[in-house]
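Since this is a predicted model, take the numbers as computed values, not measurements.
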Amino acid sequence: MASLAPIFHDHYLPRFKHHSHSNNNSFLCSNPYSSSYPYCCSSSASFNWKNFVIFSGINSFWRNRSLRAQVMSSTERSVLSPSWLLDMEDKPEHLLVLVHGILASPSDWTYAQAELKKRLGRNFVIYASSCNTFTKTFSGIDGAGKRLADEVMLVVKKRESLKKISFLAHSLGGLIARYAAGVLYTSTNHSDPSDDVVASTNANFKMTCFSNKGLIAGLEPINFITLATPHLGVRGKKQLPFLLGVPILEKLAAPVASIFAGRTGSQLFLTEGKPNKPPLLLRMASDCDDGKFISALGAFKCRVLYANVSYDHMVGWRTSSIRRETELFKPPRRSLDGYKHVVDMEYCSAVPSEGPHFPPEAAKAKEAAQNAPSAQTTLEYHEIMEEEMIRGLQQLSWKKVDVSFHSAFWPFFAHNNIHVKNEWFHNAGAGVIAHVADHIKQQEKQQEYSFLTASL
């Protein structure tokens with residue numbers, strides 16, 4: 001079992017233990033935020049006026065900060081915790097945003113947050129998003145994405161030292177993060193004589209060529225990492241595995257999805273909106289009026305997909321790894337050295353294409369899937385949509401990491417194991433979190449090396 005890690009919150013400060021032993025009074029006295037501080041100082045054998053003046057100044061600073069916090073909006077209070085305000089001397093440059101999944105909360109990241117902080121160091125602000133907790137995830141991927149974008153901007157404005165940004169998202173959180181990135185994206189492209197040539201041959205390949213020119217929330221985008229995210233939705237055979245691939249269950253699931261999961265359910269089954277309007281997930285595989293989604297993803301230096309090959313009853317292997325049925329393979333059963341349950345890695349280069357389309361036959365299939373769903377119409381609509389979404393997303397390169405919990409004590413918890421939702425029940429995923437941390441560290445070193453090389 002993974003060792004117990006200390007719990008960290010929005011930003012990280014040492015958590016001091018309170019001891020009852022008298023020989024620890026000096027330690028308590030050195031902590032100006034300890035509730036025992038006034039008592040310890042008054043009971044000391046020798047009163048240190050220098051420490052008193054220093055601690056009084058710090059307490060005055062904290063009282064002023066508290067008064068400011070009281071007049072903040074409710075959103076600001078959720079973003080700026082006392083621990084965030086206390087650590088003002090740090091100048092971290094990299095913001096790592098953790099985004100939870102459906103019907104979840106920031107507490108799902110307790111273990112991962114602590115481990116990442118321990119492994120990545122003080123140059124990172126590791127922030128667990130709190131704007132889309134529990135039933136707020138039912139309001140639609142677009143609504144949740146806009147809230148996340150607002151929250152990220154608020155965090156960035158409070159940390160002037162930030163220069164880079166990365167996302168780590170679980171399940172539905174990956175789609176919410178993709179939408180937020182599209183909202184937060186700003187292009188830094190400059191006109192180039194070759195642009196017209198590229199545009200005349202393949203407009204979408206142009207976006208791939210210039211994929212690294214852009215900012216997210218005004219910061220340099222580095223990593224976009226998802227864990228068991230349904231990038232292609234949950235419509236289709238075994239995309240929602242707990243339906244067991246039974247046609248009648250998959251037929252009935254789509255109409256009732258909106259009852260149980262609201263607008264989000266319809267979006268995951270690709271049936272929201274009018275028949276002639278492309279579903280949101282298809283629009284998110286391109287640039288459209290809603291946002292520059294493919295350009296935003298392309299701006300990140302690296303995009304990584306972690307996918308459960310089996311035992312995940314919420315998200316299928318194909319949709320979480322952006323693969324076609326014919327691209328699936330028999331996964332290795334042996335874990336990579338040092339990363340238990342991480343069984344395979346694959347780098348997939350960008351595939352130039354004309355990008356996703358929503359042809360007339362797709363509109364007809366969508367209308368049939370909405371009004372008169374049958375096994376045939378549902379299958380036809382899904383096949384069209386899946387191919388178009390894959391075509392759009394494969395315009396960018398992806399690193400695909402396959403995870404298998406077949407040898408875990410609780411393999412059927414795979415969906416929650418992959419991000420260690422609870423350290424006691426889902427600790428089998430500790431190797432996945434270690435792999436994520438090492439990937440981020442490797443990317444950080446590559447960025448530093450590139451900067452030094454450019455300087456020379």
Side-chain angles (χ1 to χ4, degrees), residues 102 132 136-149 172-185 203-204 207 229-236 239-240 250-298 318-319 322 324 353-396:
I102 197 166
N132 290 305
K136 286 184 180 180
T137 54
F138 292 165
S139 64
I141 296 167
D142 47 353
K146 291 173 184 176
R147 284 194 294 272
L148 176 60
L172 178 68
L175 297 176
I176 295 173
R178 276 176 55 192
Y179 194 98
V183 174
L184 295 169
Y185 172 78
N204 287 292
M207 291 188 291
T229 289
H231 289 284
L232 308 177
V234 295
R235 177 179 287 278
Q239 298 286 61
L240 192 59
E250 294 184 341
K251 171 188 171 182
L252 296 174
V256 301
S258 60
I259 299 175
F260 293 99
R263 179 177 171 81
T264 301
S266 298
Q267 291 171 343
L268 289 172
F269 276 93
L270 315 175
T271 53
E272 89 287 354
K274 296 180 179 180
N276 62 349
K277 185 175 182 179
L280 178 64
L281 293 191
L282 180 60
R283 302 199 301 273
M284 287 173 58
S286 64
D287 288 345
C288 62
D289 294 338
D290 297 328
K292 301 292 184 181
F293 300 114
I294 201 69
S295 292
L297 275 177
R318 290 202 331 272
T319 185
I322 312 180
R324 299 175 178 86
S353 74
E354 295 180 355
H357 298 285
F358 191 64
E361 56 268 28
K364 292 180 181 179
K366 180 181 179 182
E367 184 177 14
Q370 287 176 325
N371 302 326
S374 66
Q376 182 61 34
T377 57
T378 297
L379 178 63
E380 180 184 359
Y381 179 55
H382 165 257
E383 287 180 345
I384 296 173
M385 289 298 95
E386 181 177 81
E387 181 59 32
E388 294 298 331
M389 286 186 288
I390 290 175
R391 188 179 299 169
L393 293 172
Q394 284 189 345
Q395 292 176 105
L396 305 172

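- Contact detail for Thr264 and Gly140: the closest heavy-atom pair is OG1-N, 2.9 Å.
- Shortest non-hydrogen contact noted between Gly233 and Thr319 is O-OG1, 2.9 Å.
- Remark: of the listed residues Met284, Met385, Met389, Met385 is the sole one forming a side chain to side chain contact (heavy atoms under 4.5 Å, CB included) with Pro279.
- Under the ring pair (Phe, Tyr, Trp, His ring centres under 6.0 Å) criterion, Tyr381 pairs with no residue at all, not counting sequence neighbours.
- Among Ile141, Asp142, Leu268, the single residue meeting the side chain to side chain contact (heavy atoms under 4.5 Å, CB included) criterion with Arg263 is Asp142.
- Summarising the geometry, atom NZ belonging to Lys277 is positioned 12.0 Å from atom CG belonging to Leu282; distances are rounded to the nearest 0.5 Å.
- For residues 359-371, the set of pairs meeting the salt bridge (charged side-chain N to carboxylate O under 4.0 Å, His left out) definition, not counting sequence neighbours, is empty.
- Minimum heavy-atom separation, Gly145 to Ala180: O-CB, 3.4 Å.
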Might you work through the side-chain contact (heavy atoms from CB on, under 4.5 Å) test for Arg178 and Leu297, ending with a clear yes or no?
CA-CA 7 Å; Arg178 276 176 55 192; Leu297 275 177; 3.9 Å; yes

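- For the pair Leu393 and Leu232, the minimum side-chain heavy-atom distance is below 4.5 Å.
- Nearest heavy-atom pair across Ile322 and Ile390 is CG2-CG1, 4.3 Å.
- Partners of Asp290 according to the side chain to side chain donor-acceptor pair (under 3.5 Å) rule, which considers only residues two or more places apart in sequence or in another chain, are Arg283.
- In this structure, Glu388 and Gly355 approach most closely via the heavy-atom pair OE1-O, 4.0 Å.
- Using a 4.5 Å heavy-atom cutoff, the side chains of Ile384 and Phe358 are not in contact.
- Atom NE2 of His231 sits about 13.5 Å away from atom CD of Glu386, to the nearest 0.5 Å.
- Side-chain atoms of Arg147 come within 3.5 Å of backbone N or O of Lys136 as a donor-acceptor pair.
- For the atom pair CG (Asn132) and NZ (Lys146), the distance works out to 12.5 Å, reported to the nearest 0.5 Å.
- Scanning all heavy atoms of the two residues, the minimum distance from Arg318 to Arg324 falls at CD-C, 3.8 Å.
- Gln370 contributes a side-chain N or O that, together with a main-chain N or O of Gly273, makes up a donor-acceptor pair within less than 3.5 Å.
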